[in-house]
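Report on the structure given below.
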2 protein chains.
Amino acid sequence: MTKISFRTRIEDLRRRELIEAAHRVFMQHGLGGMTTKRICEEAGMSPGILSYYFKGKEDVLFAMVRLNNRLLMEAVASGLAQATTRWGRLEAIIAGNFPEGLFEPNIANAWLSVCAASATNQRYARLQRIFYARLKSNLASVFRDVLPDARFKQIALALGTMIDGLWLRRATGEALTPQDSTALVLSVAVALLTEAERAELAA
Amino acid sequence: MTKISFRTRIEDLRRRELIEAAHRVFMQHGLGGMTTKRICEEAGMSPGILSYYFKGKEDVLFAMVRLNNRLLMEAVASGLAQATTRWGRLEAIIAGNFPEGLFEPNIANAWLSVCAASATNQRYARLQRIFYARLKSNLASVFRDVLPDARFKQIALALGTMIDGLWLRRATGEALTPQDSTALVLSVAVALLTEAERAELAA
DNA sequence: TAAATTTTTGTATGTGCGTTCAGTTTTTTG
DNA sequence: CAAAAAACTGAACGCACATACAAAAATTTA
């Protein structure tokens with residue numbers, strides 16, 4: 001009993017340390033510059049430890065991406081919980097996609113690399129799909145019963161695309177704040193909707 | 001005389017063949033899967049040839065990216081030349097950013113990889129900057145003297161971001177045609193402008 | 001055609017990587 | 001406190017890669 005709980009605690013700790021080290025190495029050296037040696041060094045451990053706690057390098061990478069995705073999704077979920085009107089939920093979804101402290105060049109770049117790698121990596125592609133499905137379903141919860149299907153599709157695509165584009169721009173170092181970005185996406189949402197639709201969403 | 005001109009012709013030919021081979025390998029195996037051996041094999045040459053015509057692998061990659069960028073820029077330029085009104089120029093710029101036959105998942109993915117690599121590769125970053133500067137300057141030529149500076153900045157950012165976002169989505173395999181994408185960006189442009197502004201642009 | 005030059009080949013070399021594993025240290029157990 | 005188990009080490013291995021290079025083939029020159 002004690003044995004298992006301790007073992008689990010250490011294991012989880014080390015795994016998390018390695019994931020976070022991997023994340024830091026990734027930020028500094030890019031996807032190509034991530035070596036097991038560097039990751040372990042960054043974590044203050046010996047090179048062999050990685051195989052002890054993970055199946056291999058690919059495993060650490062995947063865990064890292066999954067963790068990041070979870071953080072982003074949670075940011076949206078916590079914002080959504082507090083909103084009362086449909087429009088409030090829309091604001092929460094958009095703002096949640098530009099979390100303070102996470103909407104930074106290196107993190108954006110990490111996400112970009114994963115997008116690119118999705119083309120040749122099934123596991124990444126799956127994470128990606130889950131992420132987009134969640135965004136779309138969140139947006140659907142805002143516009144359901146207010147917009148006809150075709151229009152919803154157009155607006156959801158426009159907003160989702162905008163969010164992606166802003167992250168991409170952020171990855172190149174463009175000086176965008178979470179506030180700027182949220183405001184820009186919202187302004188597009190406002191522009192694309194009729195006054196009547198906006199009123200209905202605000203109710 | 002004959003000697004030099006022949007030599008140059010062969011040299012340019014081989015370089016181009018290698019660049020195109022590199023491009024095909026890139027499409028199929030991603031940035032990480034590009035090896036000199038594969039490139040040369042794809043070009044139907046022996047592995048050593050690469051060092052003969054290029055400084056190294058990095059050199060081929062850079063040439064490849066530069067060529068792609070040039071193709072995209074030329075697509076825009078040729079469209080721009082035919083437009084007569086400001087609005088026509090706007091349409092040309094946007095449509096030119098989704099060229100038929102180039103707006104495809106593998107090409108989009110290539111571009112994405114380069115974006116990601118720009119973070120740790122100075123030369124890529126420079127190409128990127130040139131590309132964005134060109135887009136911005138093209139958009140400026142449309143809105144100059146019609147919109148105040150702050151508004152131009154907002155709209156240019158919105159449209160540029162949208163274009164980037166659509167390419168990113170295309171990279172993930174989303175079923176977007178050049179026509180869909182152009183229409184979506186234009187619809188956002190229409191929505192963001194006032195009726196008076198649109199009239200002035202159409203003149 | 002013979003010499004000279006350019007072009008191409010395929011192997012060799014060195015480097016850096018992920019992973020393994022026998023052994024060592026640390027922690028837990030009884 | 002010993003015995004056992006877990007956590008960890010770091011050197012060693014094999015592999016894939018970029019690049020270099022000497023030799024060969026093809027082409028041009030005179």
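Proteins come first, then strands; the chains are lettered A, B, ... in the order of their sequence lines, and each starts at number 1. In this text, all values refer to a predicted model and were calculated from it rather than measured experimentally.
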Separation of atom [atom1] in [X] from atom [atom2] in [N], rounded to whole Å:
X	N	atom1	atom2	value
Lys57(A)	dG16(C)	NZ	P	15 Å
Phe54(A)	dT20(C)	CZ	C1'	18 Å
Glu11(B)	dA26(D)	CD	P	21 Å
Glu41(A)	dC17(C)	CD	P	11 Å
His29(A)	dC17(C)	NE2	C1'	15 Å
Leu50(B)	dG10(C)	CG	C1'	15 Å
Lys37(B)	dA20(D)	NZ	P	19 Å
Met45(A)	dC8(D)	CE	P	7 Å

Does [X] have a side-chain nitrogen or oxygen under 4.0 Å from the phosphate oxygens OP1 or OP2 of [N]?
X	N	result
Ser51(B)	dT19(D)	no
Tyr52(A)	dC8(D)	no
Thr36(A)	dG18(C)	yes
Arg38(A)	dG16(C)	no

Once you apply a heavy-atom cut-off of 4.0 Å, does Gly56(A) come out as touching a base, just sugar-phosphate, or nothing?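 Here Gly56(A) touches the backbone only, sparing every base.
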Looking at every strand, decide which applies to Tyr53(B) at a 4.0 Å heavy-atom threshold: base, sugar-phosphate, or nothing.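 Sugar-phosphate contact only - Tyr53(B) comes under 4.0 Å of backbone atoms but never of a base.
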Step through the shown structure and confirm whether more than 12 heavy atoms of other residues, nucleotides or ligands are within 6.0 Å of CZ on Arg24(B).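 Atom CZ in Arg24(B) is packed in, count exceeds 12.
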Within a strict 4.5 Å, meaning less than it, do heavy atoms of the Phe98(B) and Leu176(B) side chains meet?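 When only atoms from C-beta onward are counted, Leu176(B) and Phe98(B) do not touch, as no gap falls below 4.5 Å.
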Any ion pair linking Arg170(A) and Glu174(A) (charged N to carboxylate O, less than 4.0 Å)?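 Looking at Glu174(A) and Arg170(A), the cut-off is not met.
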May I ask you to check whether Glu58(B) and Asn121(B) show a side-chain donor-acceptor distance below 3.5 Å?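 A pair is found: one side chain offers a donor N or O, the other an acceptor, under 3.5 Å apart.
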Test item: side-chain donor near acceptor, Thr177(A) and Asp180(A), under 3.5 Å: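 Yes, because at least one side-chain N or O of Thr177(A) sits under 3.5 Å from a partner of the opposite role on Asp180(A).
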Closest nucleotide among dG10(D), dT8(C), dA18(D) to the Ile49(B) side chain: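 Nucleotide nearest to Ile49(B)'s side chain: dT8(C).
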Judged by each residue's nearest nucleotide on DNA chain C, which is more toward the 5′ side, Arg14(B) or Met34(A)?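 It is Arg14(B) whose nearest nucleotide is closer to the 5' end.
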